[in-house]
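FYI, the numbering just counts along the sequence from 1. Values reported hereafter were calculated over all heavy atoms of this structure, with side chains retained and with hydrogens, waters and symmetry mates removed. When a ligand or atom number is given, it counts from 1 through the structure's own listing order. The structure displayed is predicted, hence computed values, not measured ones.
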Amino acid sequence: MSERYARSIANLERSRKTLAGGVSSNVRAGDKPFPLFFDRGMGSRLWDVDGNEYIDYVLGRGPLLLGHTHPEVIDATCRQLHRGQIYAAQHELEFHLSERVSRLIPCAELVRFGISGSEAVHGALRLARAATGRQTVVKFEGQYHGWLDNILYSLSPDPLRAGDELHPATLPESPGQFTGADSHVVVLPWNNISVLRQYLEEHAEQVAAIITEPVMCNTAVIPPLPGYLEAMRELATAHGVVLIFDEVITGFRLSLGGAQGRFNIVPDLTIFGKAIANGMPISCLAGKDRFMGLIAAGKVGHGGTYNSIAPAVAGAIATLEVLERDGAAVYETIELAGQRLIEGIRALALKWEIPVVLQGYGGIFYLGFPRDGKPPSLAQPVFDYRSSLAADQELYTQFVSAMVDRGVRIIPRGNWFLSSAHTQADIDATLAAVDEVFGVVVAPALDRAVSA
Ligand SMILES: Cc1ncc(COP(=O)(O)O)c(C=O)c1O
């Protein structure tokens, strides 16, 4: 291994001396086999500094729906970079983008742009509290809405500390979070409408917002159970609670209208980031006039030096232009490639008699190895955070490292991102690597576990 990654190893050692942990986000510290250094990306491919080539299913953890270095996005961004970067004032690209977002996204009557998903979430929560005069926010165990203090709770809590699965504790993810914030965040299990109903019946007069990923992408890419989001919408309306869809991952990935377009459910407020600009830094807070109007009227604060920086807006417009082209044909391409990969992995799991959970959509899906030892055809789908804990994370980590060694880059948490740049040849090469790794790593590990 050390020869294959020699330059990355030396770089990591060097950067750890001045860059905390050698990385700029804690998430990257967990990359397998260790945080590698990359040199360039093109289409579905990435090259590391040692010259190793990868088929990339990380895709920046979601943004690169059109693949790395998409020529139209890069051209548009560069053209604007040469004209000007930041004006601390309005520019015409802004309304071209807000008009487009408003046309495509069901709830987006008014829009504001920022840089990160985390800050847009922060804005949505502030708006919900201002509009309702209430303080409590309901979030769901296993979901992630950015790294800010007011919402960084119970993403991956230890179930022994989190307690009752129907009434989990609100657990901070990091030491140093403001301790007062947790008294206003209530954590509930996802995909369980009766728990939400009961909670709202008893406490609605304190609840400002329900915030949810419409598909639980940050834990096992869990789809909503039939009728769940519809019932959540009805309950929020009935109790005067603001419904926020955090579409930072699902937005422009599950469909041109995001998850809300795909499932035909209209939230009150919504957040986009990642795929909206195929790698350029921009996020979007959008929603119904009666909420966003509070920002429009200057009653609720929203700011940011880098909001709407012109090159990123240009990149977003170019991205949406490509996504909309030919009746949004790109989504069919991505769905087909993803489904081929999912079905190919499923067939290989059957061949090697490896129990797997495979769920999600063509554009983003989850692979995990359940520990319940059931034959592949009987492995249970994961429907909430607690059921996701049945996955054998250690075995999956071995799988990820072995795949990276064979030139396929995947995320250690189990989610795979697809882009329109992934070809049939990429899928075939990926399946060949999966076949080999199932044979030399996963199946022998399971055999050892059975005989132990
Ligand atoms: C659903 C969701 N919301 C919010 C965020 C935070 O976005 P950002 O990392 O741009 O701050 C993320 C990041 O992965 C996310 O997945």
Heavy-atom closest pair, residues L235 and R197: CD1-CA, 3.8 Å

Can you report which non-hydrogen protein atom sits closest to atom 1 (C) of ligand 1, along with the distance? Y144 O, 3.2 Å

Check: Y199 ring centre within less than 6.0 Å of H167 ring centre: no

Nearest neighbour in protein (non-hydrogen) for atom 16 (O) of ligand 1: N218 ND2, 3.0 Å

How are the rings of W190 and Y228 set relative to one another: parallel (under 30°), tilted (30 to 60°) or perpendicular (over 60°)? perpendicular

Could you see which bit of E213 sits under 4.0 Å from ligand 1, with heavy atoms only: side chain, backbone, both or neither? side chain

I want to know whether F37 and Y5 have ring centres closer than 6.0 Å. no

Could you tell me how the ring of Y57 sits relative to the ring of W416: parallel (under 30°), tilted (30 to 60°) or perpendicular (over 60°)? tilted

Identify the protein heavy atom lying closest to atom 3 (N) of ligand 1, giving its residue, its atom name and the separation to 0.1 Å. D246 OD2, 2.6 Å

Backbone or side chain, does any N or O of K274 fall under 3.5 Å from an N or O of ligand 1? yes

With a sphere of 6.0 Å drawn around CG of D39, does it hold more than 12 non-hydrogen atoms of other residues, nucleotides or ligands? yes

Give me the residue, atom name and distance of the protein heavy atom closest to atom 9 (O) of ligand 1. S118 OG, 4.4 Å

Numbered atoms of ligand 1 (with element) below 4.0 Å of I249, judged on heavy atoms: 16 (O)

Distance from atom 10 (O) of ligand 1 to nearest protein heavy atom, with residue and atom: G117 N, 2.8 Å

